[in-house]
Amino acid sequence: MTPFKPTSLLAVAIALELLIGCKPAVPAVAADAIYVGGDIVTVNDAQPTAEALAVKDGKILAVGARRQVEGAHKGSATTVVNLAGRTLLPGFIDPHSHYFSSITVANQANVFAPPAGPAKDIPTIVAELKTFREAHRVPKGVLIQAYGYDENAMPNGVGLTRDDLDADFPDNPVMVGHVSMHGAVLNSAAMKQYGISAATKTPPGGVILRKPSSNEPAGLLMETAYLPIFASLPKPTAEQEVAWSRAGQMLYAQAGITTAHEGATHASDLELMQRATAAGANIIDIIAYPFITDLENVLAKNPPGTFGKYVQHLKLGGVKITLDGSPQGKTAYFTTPYLTGGPGGEKNWRGELPFSEDEVKAMVKKVYDLGLPLNIHANGDAAIDLLLKAHEYAAAGDLSRQRHTTVIHSQFVRRDQLDKYVAYSITPSFFTEHAYYFGDTHILNRGMEQASFLSPMRAAIDKGLRPTNHTDFVVAPLDQLFVVWTAVNRISRNGVVLGPDQCVTPMEALKAITLNAAYQYGEENSKGSLETGKLADLVILDRNPLKADPMAIKGIKVVETIKEGKTVYKAP
Ligand SMILES: [Zn+2]
């Protein structure tokens, strides 16, 4: 009989303790925090759910069974976070919005139509502007701005004009931003300030709405007629830059977003963002796409080699080109006419482009030759035809290489065009919220059949694409659960289900704002799902969208947002 040795006794004791779990061994790597006590939706098909998630140094240390994760990683300094029945998911990744606008809208009146805002009619818009003027004590002569105006939501489709604004605002320039972000209604003082009059010619690709049987501008300016005004709007002072940037990012963090998108960055905007970044303003990641018109200016200080890398949470993602406008503004470019005519009553109106085919080809080739990802805005099927032609020209010889080309909106893409996306490794970033906000308008403008194939997420997924889905903030509010709700339900304001065959599952809708969005940015190795080694970018929701009644998804609330292990937002 072999006598017991003290070492083997110790070994037996440790093994026994581990087995019965009364005294865990000191973990090899102790986590900063371990989340337990609620559903964990990993968005990782290989391990869809988990009981526990451990975080260390801003990264995910382990995902799995609670006993194993706690056994291996619970140290004396580890915080155990009890989800108390709430649901943990990867932080939302925003595939397309206008972050830069968030910096300024904190200082504008919200005139979104209900439910996103109060503006149910023109008198309400005027009242909101007056309330804003009083609340902010705006002095005479200073510009007053609003955002979110949608003429399609106005009773009887009668839009806001300068005359509606002039009576109450004789001394302040007023600009009521159109919900598409591609235009605004100006009062007379603003027209005077920006030199718009009966003598102003409408530029190609632009809209200046005129008064009936007159050349006098009525108020609404869109697209190229509006762009110069937009570019010259007042920007925050140096002192305001950091505070406003943080306030803008808080709008994203409140929505559970840990990576934000800046979808058309002008050179001066980028400089502001870089100054704020250097001053430590950023609480989440921001990916900026400089506008093609400003590319030379941007490249002078930011050569192509600096793209694709985060510097203090700010990354240059690639280049933005905008082809057409918006379908609700009737500026999206189609192969067939709008059933309701043009924005100024034009017959056989198909929308139009500010660029020739050769110009678009040259722009796309320039971006591809620089080796930079391209984000290209195209809504109508004719604009999409043109971008596919431009791709064939610019990518000749290697059409299918993954260049991270993303078609922003792709709303009225045809089935044959989706096949080309597959062949050319092009990703659609859809906008299913349009089904709700503008679906009824699209039915009138484009007919039921085409409207039903709006942002066809089901068809895209079935063809093997990895679509993303966005708010286009400030076009729609930052509300990712509403994005999911519209992808799952596709219900219009009037209750019409727009293309029931294009509805997707809640998990597919979640992927479009997490893993697929990470893929759109080439960041799928570090973001988009809860997997060991990825960033601890997390969101906690009050309910699990995979278990909720699909119609109730829009009521799910963000409880907490965590960026690289640090809480950046907690619901009050
Ligand atoms: Zn946009």
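As the structure lists them, so they are numbered: ligands from 1, and atoms in each ligand from 1.
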Side chains of Leu454 and Arg446 in contact at under 4.5 Å (non-hydrogen atoms): no
Heteroatom test (N, O or S) for His96 near the Zn ion (ligand 1), limit 2.8 Å: yes
The Zn ion (ligand 1) reached by His98 (N, O or S, under 2.8 Å): yes
The Zn ion (ligand 1) to Asp472: nearest N/O/S atom name: OD1
Check: Gly219 main-chain N/O paired with Thr161 side-chain donor or acceptor under 3.5 Å: no
Donor-acceptor contact below 3.5 Å, side chain Thr331 vs main chain Ser326: yes
Residues Lys330 and Glu346 bridged, charged N to O under 4.0 Å: no
